[in-house]
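Chain naming here is simple, since letters A, B, ... match the order of the sequence lines and numbering starts at 1 in each.
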Protein chains: 2
Amino acid sequence: MDTTERTEQALAAERRRRELLEAAERVVLRDGPGASMNAIAAEAGITKPILYRHFGDKGGLYAALAKRHTDALLASLRAALDAPADRRTRVETTLDTYLAAIEGAPQVYRFLMHPADSASPGEQGFDVGRHSAPLLRRLGEELAEVIAERVDLGADCERLARVWGHGIVGMMHAAGDWWLGERPCGRDELVRDLADLLWGRLAAAGNREGGPGF
Amino acid sequence: MDTTERTEQALAAERRRRELLEAAERVVLRDGPGASMNAIAAEAGITKPILYRHFGDKGGLYAALAKRHTDALLASLRAALDAPADRRTRVETTLDTYLAAIEGAPQVYRFLMHPADSASPGEQGFDVGRHSAPLLRRLGEELAEVIAERVDLGADCERLARVWGHGIVGMMHAAGDWWLGERPCGRDELVRDLADLLWGRLAAAGNREGGPGF
DNA sequence: ACACCTTGTTACTTGCGGTAACTAGAGTCT
DNA sequence: AGACTCTAGTTACCGCAAGTAACAAGGTGT
């Protein structure tokens with residue numbers, strides 16, 4: 001039981017695990033989130049119990065599957081948030097990074113965020129919500145940190161930053177979700193419009209003539 | 001088969017349906033969204049097939065269950081949106097209405113929005129996401145309408161209004177969700193902070209000293 | 001008396017998540 | 001060499017929930 005052999009086996013196990021994850025991803029992207037463990041095992045060329053040995057349960061498999069993508073997304077968003085540029089540019093870059101990510105891999109996105117949708121209807125999906133929500137929460141917290149450390153808010157700055165962090169992430173997520181479904185405009189326009197919203201254009205705009213006068 | 005009798009029976013059927021829905025709600029609020037059709041039927045004092053005759057499948061039952069609450073919520077939000085007051089007040093009132101609703105019935109809220117969470121873990125929840133998302137979509141569209149008809153945006157006004165509608169709804173939803181979980185502050189503070197965000201305070205705030213200078 | 005709908009039942013099928021118990025092969029200790 | 005163990009793999013099963021088929025009973029019209 002010398003170390004080299006141990007690590008060798010450990011590496012082999014990890015490789016296997018990656019293979020399984022890739023098979024799972026293939027199935028899940030093909031059949032939707034309702035894919036059964038049997039189907040995933042079959043795609044990987046093995047049978048169920050091995051999956052359970054590797055991932056504990058279905059949630060574990062899914063969590064591992066989700067982690068790969070969320071980690072990558074978080075990394076690029078962090079980069080955009082930390083870029084040396086003025087605030088408006090940074091906001092736009094970050095929005096654009098997120099939207100580009102979900103635009104580039106909508107299958108993955110739908111899998112992460114919308115359990116029940118994709119693939120044949122009538123399927124009872126994964127309990128995916130349990131994993132998309134944490135992603136958004138983490139995002140909100142990270143954004144809050146950046147806001148708190150960069151923007152000069154008055155008293156209660158920490159609470160304000162967190163409220164804004166989660167609020168902005170929610171705005172980005174909801175708008176992105178809608179946009180991805182309807183594609184009513186180009187990505188750049190969406191980015192500009194959202195940034196305008198955050199820049200107070202809603203407050204600055206005048207009232208429509210003929211309205212109730214407010 | 002005269003009409004009076006027909007309607008009488010139809011009314012009886014509707015009453016029954018409401019009773020079933022109430023039973024279902026009781027169970028779902030007690031056991032979480034993983035409640036089985038058997039359990040619901042038992043609570044209603046009958047057996048499964050009747051539920052299926054009334055609601056088609058589990059999704060149908062859930063849709064009916066969700067409709068009751070979403071309709072009520074939508075109605076009060078519409079009222080807040082249409083109130084005769086200046087824009088900032090209207091925004092704050094609407095936010096407060098939403099937050100008060102989810103604060104007042106968090107069980108219902110969690111059921112509508114967060115399938116997998118509540119109740120014992122390891123449950124495979126409803127495919128609830130399929131019903132919460134439409135609610136948010138409808139909300140976004142309604143808000144977009146109000147914005148488009150009340151606020152004077154320039155060209156592309158319709159697209160802008162829809163982007164903002166969905167964005168603001170998402171902001172409200174995400175912030176509310178986070179707030180409901182952590183309760184970091186009072187409702188009024190949250191409302192004020194979110195309104196401040198929409199009023200451009202993020203853009204107006206200065207940079208923190210010691211930061212990278214942007 | 002007979003055919004009818006509605007409401008309800010029991011008993012079943014199907015399919016999935018998850019597990020127990022066993023097998024084959026490869027490396028290790030004595 | 002032969003016993004020991006560890007690991008990837010299997011088959012065969014359990015429990016449970018969704019959904020369905022087939023049947024039973026009570027009121028109603030003809």
Side-chain angles (χ1 to χ4, degrees), chain A residues 1-20 23-24 27-28 31-63 115-116 119-128 130, chain B residues 1-20 23-24 27-28 31-63 115-116 119-128 130:
Chain A
M1 82 149 77
D2 63 307
T3 62
T4 72
E5 179 189 345
R6 269 260 161 214
T7 54
E8 207 175 281
Q9 286 206 340
L11 285 193
E14 240 171 79
R15 226 185 0 258
R16 196 83 185 94
R17 188 187 160 94
R18 257 207 308 280
E19 288 171 19
L20 297 185
V27 174
V28 129
D31 297 354
S36 78
M37 292 296 266
N38 257 327
I40 293 175
E43 168 77 26
I46 45 132
T47 50
K48 265 195 302 180
I50 316 183
L51 285 182
Y52 284 96
R53 278 225 261 271
H54 273 270
F55 302 104
D57 62 356
K58 196 171 184 174
L61 198 171
Y62 175 77
S120 51
E123 301 296 321
Q124 74 218 30
F126 275 96
D127 50 351
V128 181
R130 198 145 20 177
Chain B
M1 88 151 73
D2 63 306
T3 62
T4 73
E5 179 190 347
R6 271 259 161 216
T7 54
E8 207 175 280
Q9 287 206 339
L11 284 193
E14 239 173 77
R15 225 185 358 257
R16 195 88 186 89
R17 188 187 160 95
R18 255 207 310 281
E19 289 172 19
L20 297 185
V27 174
V28 129
D31 296 355
S36 80
M37 291 298 265
N38 257 327
I40 294 174
E43 168 75 27
I46 45 131
T47 51
K48 264 195 303 178
I50 315 185
L51 284 183
Y52 283 96
R53 278 225 264 272
H54 272 270
F55 302 105
D57 63 354
K58 196 171 185 174
L61 199 174
Y62 175 77
S120 50
E123 300 296 320
Q124 74 221 25
F126 275 98
D127 49 352
V128 181
R130 199 148 15 178

Counting only distance, no hydrogens or angles, is the base of C:dG17 paired donor-acceptor with the side chain of A:Lys48 under 3.5 Å? yes

Find every protein N or O atom lying less than 3.5 Å from an N or O atom of nucleotides 22-25 of chain D, and list the pairs.
none

What is the separation between atom CD1 on A:Ile50 and atom P on C:dT19, rounded to the nearest whole Å? 15 Å

Of the listed nucleotides D:dG9, D:dG19, C:dT9, the one nearest the side chain of B:Tyr52: D:dG19

Short side-chain N/O contact from A:Arg16 to OP1 or OP2 of D:dG9, under 4.0 Å: yes

In whole angstroms, the gap separating P of C:dT9 from CG of B:Asn38 amounts to 11 Å

Looking across every strand, which nucleic acid part, if any, lies under 4.0 Å from A:Ser36 by heavy atom: base, sugar-phosphate, or nothing? sugar-phosphate

Side chain to side chain donor-acceptor pair (under 3.5 Å) with B:Arg53: which residues, sequence neighbours excluded? none

Rounded to the nearest 0.5 Å, the NZ atom of B:Lys58 sits from the NZ atom of B:Lys48 at a distance of 10.5 Å

Listed by chain and number, what are the side chain to side chain donor-acceptor pair (under 3.5 Å) partners of A:Arg16, not counting sequence neighbours? A:Glu19

CG-CD1 distance between A:Asp31 and A:Ile40, expressed to the nearest 0.5 angstrom: 9.0 Å

How close or far is atom P of D:dA8 from atom CD of A:Glu14, stated in whole angstroms? 13 Å

A:Leu20 side chain reached by A:Leu61 side chain, heavy atoms, under 4.5 Å: no

In this structure, CZ of B:Arg15 is separated from CZ of B:Arg18 (nearest 0.5 Å) by 8.0 Å

Can you check the A:Leu20 CG to D:dA8 P distance for me, whole Å? 10 Å

Calculate the interatomic distance between A:Glu19 atom CD and D:dA8 atom P; express it in whole Å. 12 Å

Roughly how many Å is it from CE in B:Met37 to C1' in D:dA17, rounded to a whole number? 10 Å

For B:Ile46, report the nucleic acid contact type (base, sugar-phosphate, nothing); a contact means any heavy atom under 4.0 Å. sugar-phosphate

Without decimals, in angstroms, what is the distance between A:Leu51 CG and D:dA8 P? 13 Å

Go through the structure and list residues passing side-chain contact (heavy atoms from CB on, under 4.5 Å) with A:Ala39, not counting sequence neighbours. A:Val27, A:Ser36

Taking 4.0 Å as the cut-off, does a side-chain nitrogen or oxygen of A:Thr47 come that near to OP1 or OP2 on D:dT10? yes

From CG of A:Leu61 across to C1' of C:dC16 the rounded distance in Å is 15 Å

